[in-house]
Amino acid sequence: MKLKKKAAYGKPQRLKFPAEEVANNWLGYAFDAYYRADAGVAKAIQQEERNGRKLACAKGCSSCCKSHTTIPIFPLELLGLYWYVSKIMPAATRNRLKPQLENHAAGGACPFLLDGACSVHPMRPLACRHFNVFDQVCAEGEDAFHTRREDVLTPLKSHQDAAYEAMLPFHGFTTAEQQQAAMQHNYIQHQARVLQEIDWAHLAARISG
Ligand code: SF4
Ligand code: SF4
């Protein structure tokens, strides 16, 4: 499979793994969340482009995956990464990823960055989907959020919230009332962990040689 850092921002597509979705009902919540987030990002980018900005992010551009060392990840996303790496990722890629997962240390580059590209691109977390920079490619080690906030896309809150809302059934919030209360209390945001602080050796252990 060809690896990509960022999708070209055309019309976002919901991920399609119908048999997997039937077998794992939680997967649909993740797909919905990512679809809603991607739609919001595409819309926000279009708005900026109409104002003359040009998206700097492109395939093969990945210094952000090394310089950002506290990427938030939610429980459903963690499960999604386990699923993707264990079941969908081509075996050859998975085997090359294994030592990175085994040797990953907190504070380092994202362990899913392989050959300068995201090896889990379809299931990359919301934080990665939302982080987009305009006009100038980030310098090695630069975190544009701190060096030039004005060039960093601000995600559309309505779409960001819609993505969080899509995750709520996974946490047992199924009625409209429950979901409304959970959103008011930022329930999903409170579940965040730091991707780089997770012990990815557990995932590596699931990968046979
Ligand atoms: S955020 Fe910066 S480093 Fe990452 S893809 Fe965009 S321009 Fe490249
Ligand atoms: S999951 Fe890792 S490699 Fe993929 S886009 Fe996010 S930071 Fe980069």
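Whatever order the structure lists them in is the order used to number ligands and atoms, beginning at 1.
- The 12-atom threshold is not exceeded at CZ of Phe145, counting heavy atoms of other residues, nucleotides or ligands nearer than 6.0 Å.
- Applying the 4.0 Å criterion to heavy atoms of Ser63 picks out, from ligand 1, the atoms 3 (S).
- Relative orientation of the Phe131 and His68 rings is perpendicular, given thresholds of 30° and 60° on the angle between their planes.
- Proximity of Ala144 to ligand 1 is not established, as no heavy-atom distance is less than 4.0 Å.
- Under a cut-off of 6.0 angstrom, the local environment of NE2 in His190 is crowded, with over 12 non-hydrogen atoms contributed by other residues, nucleotides or ligands.
- The residues Asp135 and Arg148 are annotated as not salt-bridged, no charged nitrogen and carboxylate oxygen being separated by less than 4.0 angstrom.
- Looking only at side-chain heavy atoms (C-beta outward), Leu126 and Met167 come within less than 4.5 Å of each other.
- The part of Ile71 lying near ligand 2 is the side chain, judged by heavy-atom distances below 4.0 Å.
- Close contacts between ligand 1 and Phe131 involve ligand atoms 1 (S) [criterion: under 4.0 Å to a heavy atom].
- Near Pro125, meaning under 4.0 Å from one of its heavy atoms, ligand 2 places the atoms 1 (S).
- Listed by atom number, the atoms of ligand 2 under 4.0 Å from Cys128 heavy atoms are 1 (S), 5 (S), 6 (Fe), 7 (S).
- Considering each of Ser62, Cys64, Ser67, the one bringing a non-hydrogen atom nearest atom 4 (Fe) of ligand 1 is Cys64.
- For the pair Arg36 and Asp161, the salt-bridge criterion is not met [side-chain N within less than 4.0 Å of a carboxylate O].
- Partners of Tyr35 by side-chain contact (heavy atoms from CB on, under 4.5 Å), not counting sequence neighbours, listed by chain and number: Pro12, Arg14.
- Per-residue contacts place Val133 under 4.0 angstrom from the following atoms of ligand 1 (heavy atoms of the residue considered): 1 (S).
- With ligand atoms numbered from 1 in the order given, ligand 2 contributes 1 (S), 2 (Fe), 3 (S), 7 (S) to contacts under 4.0 Å with heavy atoms of Cys110.
- At a threshold of 2.8 Å, atom 4 (Fe) of ligand 2 has a backbone or side-chain N, O or S atom of Cys118 nearer than that distance.
- Distances below 4.0 Å separate heavy atoms of Cys57 from the following atoms of ligand 1: 1 (S), 5 (S), 6 (Fe), 7 (S).
- Atom 4 (Fe) of ligand 1 lies at 2.8 Å or more from every N, O or S atom belonging to Cys65.
- Each of the atoms 1 (S), 2 (Fe), 3 (S), 7 (S) of ligand 1 lies under 4.0 Å from some heavy atom of Cys138.
- At least one test fails for Arg124 against the ring of Phe112: distance under 6.0 Å to the centre or angle within 45° of the axis.
- How far CG of Asp151 is from CG of Leu55: 11.0 Å, rounded to the nearest 0.5 Å.
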